[in-house]
Amino acid sequence: MISSDWLLSSEPASRRQAAWGRRYQAWLAFRRNPLAVAGLAVALAMLLMAVFAPLLATHDPGAQNLANRLQPPSAAHWFGTDELGRDVWTRILYGARITLGMVVAVVLLVAPVGLLVGCAAGYAGGWLDRILMRVTDVFLAFPRLILALAFVAAMKPGVESAVAAIALTAWPPYARLARAETLRIRDADFIAAVRMAGASPWRIVLRHVAPVCIPSLIVRVTLDMSSIILTAAGLGFLGLGAQPPLPEWGTMIATARRFILDQWWVPVIPGIAIFLASLSFNLLGDGLRDVLDPKQR
Amino acid sequence: MLPTVTRRALLATGTAAGAATAFLAPGIGPATAQSPPGVIVMAKQIDDITSLDPAEAFEYTGTEIIGNVYRKLVTTPNDDPARLVGDLAESWATSDNRIFTFTLKAGAKFASGAPVTAEDAAFSLRRAAILNKSPAFIINQFGFTRDNAEARIRATDARTLVLECAAPTSPSFLYYCLSAAVGSIVEKAVVMARAQGDDLGNGWLKQNSAGGGAYVLRQWRASESVMLDANPNADPAPRTRRIIIRHMLDSSAQLLGLQRGDIDIARNLVADQINALRSDSRFRVMPQRKASLMYLSLSQRHPALARPEVRQAIKLAIDYEGIQRNIVSTTYAVHQAFLPEGLPGALTEKPFAQRQEEARALLRQAGFPNGLEVALDYSSGAPISDIAQAIQAQLGAVGIRLRMVAGEMRQVITKTRARQHEMAIVRWGSDYFDPHSNAEAFSMNPDNGDNARNRTLAWRASWEIPDLTARTAAAVTDTDGARRVATYQALQREHQQVSPFVILLQEIEVAVTRANVTGLELGPMSDRTSFSGIVKA
Amino acid sequence: MRLKALGATLVTVPITLFGLVLVTFLIGRVVPIDPVLAIVGDRAPQEVVERARLELGLDRPLIEQFLRFVVQIASGDLGRSVMTANPVTQDIARFFPATFELATVAIILASLVGVPLGVLAAVRQGGWLDQSVRLFCLAGHSLPVFVLGLLSLLLFYAKLGWAPGPGRQGIAYEDMVDVRTGVLTVDALLAGDWGAFWDALAHLAQPAGVLAFFSLAYIARMARAFMLAELSSEYVTTARAKGLSETRIIWRHAFRNIAVPLVTVLVLTYAGLLEGAVLTETIFSWPGLGQYLTVSLLNADMNAVLGATLVVGLIYVVLNLFADLLYRLLDPRVR
C-alpha cells in the first residue's frame, strides 16, 4: 500500500496521504544533503550506544583502581583510564546516557514552556502579551551562564539542577519564536474559521496555533542541542555541573583538563565525544531547517 | 623615593618587542618570550585577597604579601621554625608572665625612610585590637580590648614597648601570636595621615602599604595582579627589584607559561603536573609542609556517627597511603593528628591504616550489620573531588554508603559553620604559629549550644567535650615550654582515637621555579613565605 | 506610527531592568553561601562575623534590604564590593573595558570571516564549498570554548610561539601606559606607544580568535540564509537575464539588501559577547566582567553581582533596542 507512488502522488486521496506525502518529500530533500545524513547517522549511533551501554561496556563505570590511573589506551582499556583508574571507554558509553539524557530533559522542559508562553502571548495579545514578554526580556537580558550558575549554586550542583538551570536560560528564545509565528497566523482565515465555530481560546492555541509553530521549533531545538551540551560542560568547568562520580562528558572533560599537557587522551576522548555529538546535532538541525523551514533557509 | 623599573631598562632586552614581532610575522619561529631581568613573574591564584591591611587580612595570599611588606616584633626562621628570633625586636623579657617588655633594634627603617619606633609598634598592635577585624582575636585573646588597648599597649620610650596581658600566660604563646601577620608593624604617621573617620587608615591600607619589609606594595588589582617593588630602605635589601604576581586561575596555563619562560615561578600546579616536572632539569621543584590539614568532620548530630565504633570504623576503612600516593603524591602527606608537622608539639604517629575487616566488625558491633548511609559534603574542585570519590569507594567497601553532595568551596564552609552537614571534607589552616591555634579549633568546645560565642571546629561537629576543653585550655597557661609540648602530644593521642575528626592529610605547598631562579623561601605559614632572596640568574 | 512603537519599546526598558534587579536580588539571597564569609573569612570569631552581618544589613527583612538597594541604585551608587574592597562602579570601570575590548575584536574577526564565508556558501549552495564552510563553522561551535582555548594555547603559544600567553599585556608593559579608557589598545595609541599597542593586540589575538571561531557558525549561517533568500528574488533573476556579472549582482545588489538584517544579527551576537565570556576569560587570565561576575557570585558578594548584572543587562537591552530600531528604520523590506 505504502509505495513511493502513493507517497508522491500529486493528487492525494486523503489528508493522511497528503501529510505522509509531504513528510516523504521532506525526507527525500533531507537525503540529498550528505552532511545532514551523516549527522543523523552519528546521532543515531550515539543514541544506540547510550541504550546498549551495559552490553558494550568492558568494565564497571564506577570501579576505581588507584594504582592504575591515567593509563594510555591499551587492549585492556581501549580509551585508557582516568584520574581514579576507571575505564574511559565504559565511562564514555555510560556518559552518553547522562549527556544525551540531559539534552532530552532540557528540550522536554524548554520546548513546551516556550511554545505555551509564546503562543499564549501572541494569541491573546494585550496585557498578557506585555507581561509575558517583559518576563521573557528579563531572562534574555540576564548573562546566561551567570543565571545558570546562580541557579545551580542556589539549588545544589548535580544533573537535575544543571538541567533546570539550562532550561531556565534556554526558554526565552523559544517563547519569542513561538510568539512571532503565532502573530503571523493569528489573523489567518483558518483560525478565524475555528473561532467562528466556537472553539475556546485554549483549544485554538493548543490545537491550531501551536502545531503550526512546531516545525520551526524543532529546527531550533536541534540546533540548540549542541549549546545544551556545551553549557553543561561549562557548568562542569566551573565545578557546578553534573557531579562526579557520574560520567557526564562535560564533567569528565572539565575535571580532566589539568591532564591536557601530559596525559592528553584523558580530556581529549570525552572532548571528541562532545565534538561529535554537537556536530552531528548541528548538521542534523541545519539539514532539517533546509527541509522544514524553507523561508528561513 | 621608591625606585621604579624604567620602561627602557625592560625594553632593552627586546623581549616584548620580540613577542610582538613574532606575532606579526608568524613563521619566523618561536619568540624568545622570557620574563625581563630584574623582574620576577609569579603565577598564582590570588582571588582570595580581600584586603592587604595586616589588621584585617586573614587569607593565604593576603598574609603572604603582608609577610613580605611588613616586619613583626619576633618571628621564626623557616629552617628551624620552633626557634624564636627577633625581627624588629632586639630582646624581650617578662618577670611575671603577664607584663612583657620588648626592646627594639636600633636603625630599623620603614620604606619611607623614617625610623621604626616603639610608638609605631604600640600603635600597630592597638590598631589591630581596636579595629577588631577577623585576625584581631590572635592579639585580643591576651585581654586587649578597644577600651583598654591604650593603657595596656604602650611605648615607654623610643625603643621600649610594654604589653600588659590580662592574666599570666605561656610566654611562647604570646610570642608566637605576635609573629602572626596581624602583629605586623605599620608606620603610624603614614597610616594616620590617610585615616577616614575612625577607620585608623583601614580603607587606605587595604590596598596600600606602610611597612618596613623587603618590598612595598605598588599595586593590587583584584583578580588580576599584585605588584611589589623593592623597599629602598630594607635591610637586607631584596635581590630583585620588582615582583609581579599574576592571577592565573588555570593550572595548565600556569604550566605553559612556566615552560615558555614567561613565568618564573608557578604556585598552583597540581600533583600530576609537578610529578612530570620533577625530573626536568629546566625546573626546580620546591616543596614545603604547610600548617594546613584536610580532614573529615563527622557531625555528632547524626545518630550513627555519634557512635564511637562507627567513627573508628570510618578511620579504619580509609586507605590513607593509597590516596596520598596516587592522587596527591606531591602536594599532600599523610598526617593523622591535629597539629601539623612543623608546628611545636606536632605528633607524627599514624595509628590508622586501611583494615577493612576490623572496620566491618566495628560496624556490626555498633548495630549496623547492613551498613549505613551518610551524606558527604565536599567542594567540587580538584583534588578534593578526587579524594572524595576515593573515600566514597573505600567506605562503600565496608558498607558505609556515601551520598555525595558537591558544592562550591564556600558553600561547604557555610554549611559546616551552620552545623548542617553530616560528613564533610574540609581544610583548616592554622591561624598562628602556636599549638593552641589548632588545639582550640579541634579539641575545645566551651558551649555546645546553637548560640555559642566560640564556634570552634569541635562546635561545628557538635562534639560536646567539657573535660577535653578544660584540659586543652589549661595547656595555654603552662609556662613550662617542654611540659606544654608534652601535654599537646598527649592530647593529640587521645584525640586521634576519640574525636569525630578523621584527619587525612597535611598540605605540602609546592612552588615550581625555572632553574635559573633561586632564593624563594616557602614557610609553614603563608606569612612566613619570603620573597626577599629571590633572584634570577 | 513608527515613533509611537519606539516610545512603547523605550518604556519597557526600565521595567526589564527592574525585573532583572529583582531576580538577581532573589537569587543572591537564595544562594547558600554566607556573604559574610567573603569579608571575614572562615576563621574569624563569632562576634566579628555578627558585626559584619549587621554592617551588611543582613539582619533586616528581605523587602527592606531590597528597597534600600533599589534606592541606592537609583542614586547611582552600586555600593562596595567586598572582594576587591573597591566601589562596584570603579570595579566595573576596570573590568568592563577588558570585556569590551575582547568582544569588539572578536565580533570584528567573526564578521570579517563569517559574512564572506556565508555569502560564498549561499552562492555555491549545495556544492562542496557550501559543505566545507558549514563543517568549518560548525566545528567551532561544537567544542567547549575552554577546550578550544586550551588547544589554542597549546598550539599557538606553547608549540609554535606565535602568540603571547595568558593575560592582557606583556610584563614589560605592565602598568606602563596611563589608563584613560581602560581599553589597552586605545590607551596605548593615545599615549603614542606603538610597542604597547602591538603587545596588547598580540595578547588579544588568541582569546578573541577563540570567541570569534565560536560565534562564526551563527553569523555564517545567517549570512547564508539571507543571501539565499535574496538570490532567489525576482530582481536577481532579472539582473541575471540582463547579463550583469555574478560578482556585481552579489556584492553590489544582493549584499546591499542583506546588510541591514545582517547588522542586526551581528549586534545581537555582540551583545552576547559583551556579557563576558567566563570560560575564555578564565583560560586566558583575562580580567573581564564574566570572571568578575562569577567570582563575586561564588563569594556571595551581592553588591558586585547586582551591579555587574545590571550593567550587562542594560547593555543587552540597549543593543537590542538599537538592532530593533535599525531594522525598523532602514530595512527596505519591513516597510
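Predicted, not measured: the structure shown is a model, and the values here were computed from it. FYI, side chains are in, hydrogens and waters are out, and symmetry mates aren't considered; it's all heavy atoms of this structure. Numbers restart at 1 for each chain; the letters A, B, ... are given by sequence-line order, proteins then strands.
- Side-chain atoms of C:Arg124 never come within 3.5 Å of backbone atoms of C:Ala121 as a donor-acceptor pair (strictly under, hydrogens ignored).
- Aromatic ring centres of A:Phe151 and A:Phe142 lie farther apart than the 6.0 Å criterion allows.
- For A:Leu140, the parts sitting under 4.5 Å from any heavy atom of chain C are the backbone and the side chain alike.
- With a threshold of 4.5 angstrom between heavy atoms, C:Thr282 approaches chain A through side-chain atoms but not through N, CA, C or O.
- Residues C:Leu78 and C:Ile92 meet the side-chain proximity criterion, which asks for heavy atoms closer than 4.5 Å.
- Looking at C:Leu143, the atoms closer than 4.5 Å to chain A (heavy atoms on both sides) sit in the backbone and in the side chain alike.
- Inter-residue side-chain proximity for C:Arg134 and A:Leu283 is flagged as met; some heavy-atom pair is nearer than 4.5 Å.
- Looking at A:Glu248 and A:Val159, their side chains never come closer than 4.5 Å, going by heavy atoms from C-beta outward.
- Side chains of A:Val103 and A:Ile229 form a contact here, defined as non-hydrogen atoms less than 4.5 Å apart.
- Side-chain atoms of A:Asp82 do not come within 3.5 Å of backbone N or O of A:Val88 as any donor-acceptor pair.
- From A:Tyr174, atom OH reaches atom CG of A:Asp224 across 3.5 Å, with rounding to the nearest 0.5 Å.
- Using bins of under 30°, 30° to 60° and over 60° for the plane-to-plane angle, the ring pair C:Phe18/C:Phe66 lands in the perpendicular bin.
- Between A:Asp137 and A:Arg176 there is a salt bridge, with a side-chain nitrogen of the basic residue lying less than 4.0 Å from a carboxylate oxygen of the acidic one.
- Counting heavy atoms of neighbouring residues, nucleotides and ligands inside a 6.0 Å radius, atom CZ of C:Phe100 does not exceed 12 of them.
- Neither the backbone nor the side chain of A:Ile272 comes within contact range of chain C; no heavy atom of the residue lies under 4.5 Å from a heavy atom of that chain.
- Ranked by non-hydrogen atom pairs under 4.5 Å with chain A, the options C:Leu151, C:Val317, C:Leu150 are led by C:Leu150.
- Using a 4.5 Å cut-off between heavy atoms, C:Phe214 touches chain A through its side chain atoms alone.
- Interface residue C:Leu20: backbone and side-chain heavy atoms are both found under 4.5 Å from chain A.
- Heavy atoms of C:Ala139 lying under 4.5 Å from chain A belong to its backbone as well as its side chain.
- Taking the six-membered ring wherever Trp is involved, the centroid distance between the rings of A:Trp171 and A:Phe139 falls below 6.0 Å.
- Annotation: maximal heavy-atom pairing with chain A below 4.5 Å, among C:Val305, C:Val147, C:Leu314, C:Leu293, occurs at C:Leu293.
- Looking at C:Ile315, neither its backbone nor its side chain comes within 4.5 Å of chain A, counting heavy atoms on both sides.
- Between chain A and the options C:Ser142, C:Ala158, C:Pro32, the largest number of non-hydrogen pairs under 4.5 Å is found for C:Ser142.
- Your options are A:Gly234, A:Gly271, A:Ala150, A:Pro267, and the one with the most heavy-atom pairs under 4.5 Å with chain C is A:Ala150.
- Looking only at side-chain heavy atoms (C-beta outward), C:Pro35 and C:Met302 stay at 4.5 Å or farther from each other.
- Counting heavy-atom pairs closer than 4.5 Å to chain A, the top-ranked of the candidates C:Leu17, C:Leu22, C:Leu279 is C:Leu279.
- Residues of residues 33-47 of chain A lying within less than 4.5 angstrom of chain C, judged on heavy atoms, are A:Asn33, A:Pro34, A:Leu35 in numerical order.
- Proximity to chain C is limited to the side chain of A:Ser227, based on heavy atoms less than 4.5 angstrom apart.
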